[in-house]
Number of protein chains: 2
Amino acid sequence: MELPHHLQRRVFIDRVSPEVDCGRFAVKRILSETIDVEADIVCDGHDELECRLLVRHGSFGQWQAFPMTCQGNDRWLASFPVDRTGCWHYVVAARVDTFATWRRDLRKRHDAGENLTAELAAGSDLVREATHRASPTIAVEMNILATQLLTDTTLAVAENPRLQELMTLHADRRDETKLDPPRPVWVDRSLARASSWYELFPRSWGRQPGRHATFREVADRLDYVQQLGFDIVYLPPIHPIGLSFRKGPNNSLTASPTDVGSPWAIGSSDGGHTAIHPQLGSFEDFEFLRARAESLGLELALDLALQCSPDHPWVREHPEWFRWRSDGTIRYAENPPKKYQDIVPLDFGCDAWRSLWQAIEEVVRFWVDRGVKVFRVDNPHTKPFAFWEWLLSSIHRTHPEVLFLSEAFTRPKVMYRLAKLGFTQSYTYFTWRVEKEELAAYFEEVTQPPVADYFRPNFWPNTPDILHGTLQEGGRPMFISRLVLASMSVGNWGIYGPAFELQDAEPFEPGSEEYRNSEKYEIKTWRLDDPESLAPLIQQINRLRRDEPALATAAPPQMELIDHPQLLAWSKHDPESGNLLVIVVCLQPNDDASGTLALDLERLGLSPDDTITARNLLGSTGSTAEDWPLGEACINLGPKQPAAIYRLTVTAAEDQELGCS
Amino acid sequence: MELPHHLQRRVFIDRVSPEVDCGRFAVKRILSETIDVEADIVCDGHDELECRLLVRHGSFGQWQAFPMTCQGNDRWLASFPVDRTGCWHYVVAARVDTFATWRRDLRKRHDAGENLTAELAAGSDLVREATHRASPTIAVEMNILATQLLTDTTLAVAENPRLQELMTLHADRRDETKLDPPRPVWVDRSLARASSWYELFPRSWGRQPGRHATFREVADRLDYVQQLGFDIVYLPPIHPIGLSFRKGPNNSLTASPTDVGSPWAIGSSDGGHTAIHPQLGSFEDFEFLRARAESLGLELALDLALQCSPDHPWVREHPEWFRWRSDGTIRYAENPPKKYQDIVPLDFGCDAWRSLWQAIEEVVRFWVDRGVKVFRVDNPHTKPFAFWEWLLSSIHRTHPEVLFLSEAFTRPKVMYRLAKLGFTQSYTYFTWRVEKEELAAYFEEVTQPPVADYFRPNFWPNTPDILHGTLQEGGRPMFISRLVLASMSVGNWGIYGPAFELQDAEPFEPGSEEYRNSEKYEIKTWRLDDPESLAPLIQQINRLRRDEPALATAAPPQMELIDHPQLLAWSKHDPESGNLLVIVVCLQPNDDASGTLALDLERLGLSPDDTITARNLLGSTGSTAEDWPLGEACINLGPKQPAAIYRLTVTAAEDQELGCS
């Protein structure tokens, strides 16, 4: 049997963290974070190891080396800061450090009073051998040290740090073991981790009820969204809307000439995915809106819905991208026996798939070039996975700042797979999680590894497609509960407004999750100044998300014990600032619930002797601080106050004693 | 950007089980087991998938296909039986099943009353296209079906199972997604999973006290080991023992001419690793012993200790395999400042490593050819990992029946790595785990995935190197406790005898784990018929291990709650036979302990209304059965009875009611 040379590598690397699927996919992290890389590193025998973390940004350029240190039990650690967005790679590399082993044993022999002559000669040989990898100047220095070593009975030379430094710099690394493949780390700007989204249909945002609004009119009222404290204003598709088979109000099959149609039926004689619906305005108007948003600290997010109305220019220009029946008619979307005649799907697997994929890439670049850095992607699960991996990596190569939110509330495995492929954030099942246990389990599932290493949840209490039964039946208390659940648990959340803050709760029909008179098919008139609006509460919530470090850094929620089946409690803790919040939400909208909260003191680093002062930040004027004994507190919530957000201040036991003296 | 063709693969495979490190290492399983392979398999859209498990034994030959079925939530499963030892591989393969998708949708359209003409034509085209991959005879059959499909308004042809069968057989699999690399599964004979080992020094097993015994004398007394019920009799090295620097009694540096030396100082002028120590006998004597063991149902295990005495023939014949000082003397083993002059280590990294590695392979094959199928490997952690992976795979390629037990009580990560590389079983930290919580945690760690997928623990209460402090101080009760802990928890266990059953508890010096007058350096006289011997208990234990299915199949121990800090309880359950044992061990040797056992009824599939009858199998004559109420029982153990092994018989609540009527 042939024995190849690489069998001589003695060091092995195992259980590397962080990684996703052995390096097949990137770990997701945020700009300015420090990434802790750990690995089990083992070697036969008792030799000293040198373990290094090699890091680089991008696919070319120099690898930067960080020494790893052993944490005990053969676990090694090094950290590196990520100071640029985009793709990083790291490699763990390790080798037997012959010189360090020699030096360690020399010290033991010395202390045992052995004759060191032979050992010093061996060490001197190691130094001389290393000079072959040094510059001439350094080689001279090393040769002098090698000679001095021969008589180094006090170990003054052997233990000279300069000598170790030179020997490490000029080590023979040919048999170094290197992690393969290098592990990718994708670094996003911070908005990827913590963001609040506001979805609005621009055509309803005019001053004149019932008339189709323009981008300029939306721009005029954008301060409303800013005052609510959102980061992102997301617009459903802004492209020309098809006329063929246009849907009327309430998704009816026939539209009158005045009906505006669904924005997701993209494309008409006015253009396709790179055009703007004429009633919204021109490209100048679009830029006016975008710039206005930017000046208000808002980012504009567009909808990437890769489907066409039968009137889309591509149908005529690129029939090869669509499916056709033998009778020459185009295949519209259907999920037998349902038919969607207003939509024709693109055939991502057609013979001309390359030109189709590239055309879509050009669409994305078209809008990126016009200042759009955030996309909400419609129905990604009906397009090939490989397409998304290719498209996102292609855009990200030149524009790592672009964020993609995946609308995948589909099957959980599909949702996670899309996240692995490169989506920045994902819609989730939050909207359908309503019971205490399932909410608690879901909070943990999407914020703990392995999921949290590649998946960033975005919680929506409602969307234009989903008016959940709890909102239909639970009234204002349930709107508040779902609002606090979504915004105070994970890093990203959003609402479809003003339907949410105005508590639109009327379903299309009983048992349906569709809105009655859905804005998808008609222009709505919203009374933003409705005194019952939840706008003030949303404003308060988004302010807390910016001001409280535990919320701003998207610390994962830690479920806390509370002994009522309709009360859900969790804490958010930012160890760096000490900021500690406890959020309690009542899940029943009609009745009061009271329970005793038992904080996990040990995990929070608290002692039973500490005095905890809690202030409910949701109080309208800043409610009175409460003193909580021993980490236990009785919480009373109900229809009048469905949720509480406590900021805890801890007075350590020793400080109290000092105060007494 | 180039778009390669493989991007057209639409199906992705994720979270495959079982696997070790994404297929880098083999999963370990046992002959005749059925292996359940699961994977998440996802595709865009709503198409039907065909998922297959491909399996083959060895590296060549045909892959056998098993259809996978969806278990819900995109998790697919198939099972395959392993009817041969050695290396198997499996691959999960999946593709979009266009024909099945068409047929599903056709049914929906039919039921919705649609005109099917165009759809039937499309299906007919699918069948005709598939004929290109069929034999001429089959193609004729398929063409007939294709024609019939055109007018198949009742779906009689479309839903004909024969048509689906033909379409699956002749499917276009070019875009099938296949798991890469194939996942290896190593299949051992059943002794690998459940075995009991008895280690003995043959030279002490003569009839005449103090005289060096021979293999034939050992053979004469082997029925003792058989009667104790062991599977494997393991001998320390049987090779010629070196004279240079031979160790005297109690590891003293000077030996008298009559001192027998350590068997681990391998090699003299009489030969090395392929020779037999002359005082033990000839190769004929060895074969006599081996055959005698076989006739008693015992397997002979040899010690593979890859080190040499300075007198080993290799030192003279292959100086290139050793390390030499500049003064021409050989480097003996040392761990500075300790020196082991009687041992010279092989230099696995020498320039001539290839010939050294191959010589060792020949040593193993030499003994395998002489009927040795079990090796206990000494200090594997001081030889390169790559050497072990190469050696074990090389031997296993031709002799998959050979078992290797790794003596790696070294660092945990090293121990696990060696198991991944191919060792069949491993020594563990059991010997040093003494507290309730650490024992419970360790039992779970080594018997649950991920560890259990590649690591098979072998628990030893003592070895010639380790007389643990608990045995030194705990007397007979502690010997019994450790015996039951080792033998009733994991699949493999062993003792160094007769030191164990005769409760030799005298350390070399206080605080030492070495035996006083250790058998490693001298011939011992053992009184096997000592009335205090634990032999009867061991016999009983090993009989239970054969007779009770939960022990014979090495079911993992499930820790059970018992409310005393010095009582440890666990259950072993074989669902197939219904066999259910509960073992309770007292960890304090001097005082009684009593606690209430609260079985996890739900996990055991029991109802609180069931009546449980428990019989303590460790009773000398079979004690009276006890009735346990509601899964709770008060257990009293102590110095007189340090352990209990209960077999539970469950009378289901409905049966009781029947009995009453």
Side-chain angles (χ1 to χ4, degrees), chain A residues 1 3 6-12 14-15 21-22 24 40-46 73-75 104-109 111-114 118 121-122 325-327 334-337 348-349 353-354 357-358 361 380-390 394 411-414 416-417 420, chain B residues 1 3 6-12 14-15 21-22 24 40-46 73-75 104-109 111-114 118 121-122 325-327 334-337 348-349 353-354 357-358 361 380-387 389-390 394 397 411-414 416-417 420:
Chain A
M1 184 189 232
L3 291 171
H6 74 258
L7 290 183
Q8 283 299 82
R9 296 220 175 100
R10 289 174 55 200
V11 182
F12 285 84
D14 220 342
R15 285 182 61 229
D21 294 358
C22 299
R24 165 71 179 84
D40 291 351
I41 305 180
V42 292
C43 176
D44 61 282
H46 310 284
N73 196 12
D74 294 320
R75 192 82 180 152
R104 176 198 68 189
D105 290 349
L106 186 74
R107 164 55 62 186
K108 291 183 188 166
R109 295 177 200 278
D111 294 349
E114 289 183 29
R325 298 174 185 279
S326 45
D327 64 2
E334 56 181 333
N335 187 6
F348 286 80
W353 61 278
R354 287 184 175 83
W357 292 23
Q358 278 159 339
E361 188 198 356
H381 63 286
T382 57
K383 288 90 193 174
F385 294 116
F387 164 74
W388 292 118
E389 185 168 31
W390 168 82
S394 171
R411 296 171 297 182
K413 306 298 172 60
V414 174
Y416 288 147
R417 182 81 194 187
K420 286 181 180 178
Chain B
M1 182 186 230
L3 291 171
H6 74 258
L7 289 183
Q8 283 300 78
R9 297 221 173 100
R10 290 175 53 199
V11 181
F12 284 85
D14 219 342
R15 287 185 57 233
D21 294 359
C22 299
R24 165 71 179 84
D40 291 351
I41 305 180
V42 291
C43 175
D44 61 282
H46 309 286
N73 196 11
D74 293 320
R75 191 83 178 150
R104 178 199 66 191
D105 290 348
L106 186 72
R107 165 53 64 185
K108 291 183 190 166
R109 294 178 201 278
D111 295 351
E114 290 184 26
R325 295 173 185 282
S326 45
D327 63 2
E334 55 180 334
N335 186 6
F348 285 81
W353 61 277
R354 286 183 176 84
W357 290 24
Q358 277 158 342
E361 187 198 356
H381 63 285
T382 58
K383 288 89 193 170
F385 294 115
F387 163 74
E389 185 168 30
W390 169 82
S394 171
R397 195 163 295 122
R411 295 172 299 182
K413 306 297 173 62
V414 174
Y416 287 147
R417 182 81 192 186
K420 286 182 181 177

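Just the heavy atoms: all of them, side chains too, but no hydrogens, waters or symmetry mates, feed the values below. Convention: sequence-line order gives letters A, B, ...; per-chain numbering from 1.
- Contact count versus chain A (heavy atoms, under 4.5 Å) is highest, among His46(B), Arg325(B), Glu114(B), Arg10(B), for Glu114(B).
- Each of Asp105(A), Leu106(A), Asp111(A) was scored for a side-chain contact (heavy atoms from CB on, under 4.5 Å) with Pro336(B), with one residue passing: Asp105(A).
- A salt bridge is defined here as a Lys NZ or Arg NE, NH1 or NH2 lying under 4.0 Å from an Asp or Glu carboxylate O, and Asp14(A) with Lys420(B) meets this definition.
- Side-chain N or O atoms of Lys413(A) include none that pairs as donor or acceptor with a backbone N or O of Ile41(B) at under 3.5 Å.
- The closest side-chain heavy-atom distance from Glu334(B) to Arg109(A) is below 4.5 Å.
- Interface remark: Tyr416(A) contributes no atoms to any contact with chain B (heavy atom separation under 4.5 Å).
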**OP:** Just do the side-chain contact (heavy atoms from CB on, under 4.5 Å) check on Asp44(B) and Phe387(A) with the steps written out, would you?
**Re:** CA-CA 10 Å; Asp44(B) 61 282; Phe387(A) 164 74; over 6 Å; no
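- Contact tally against chain A (heavy-atom pairs below 4.5 Å) for Cys43(B), Ala122(B), Ala121(B), Gly349(B): the top residue is Cys43(B).
- Looking at Arg15(A), the atoms closer than 4.5 Å to chain B (heavy atoms on both sides) all sit in the side chain, from C-beta outward.
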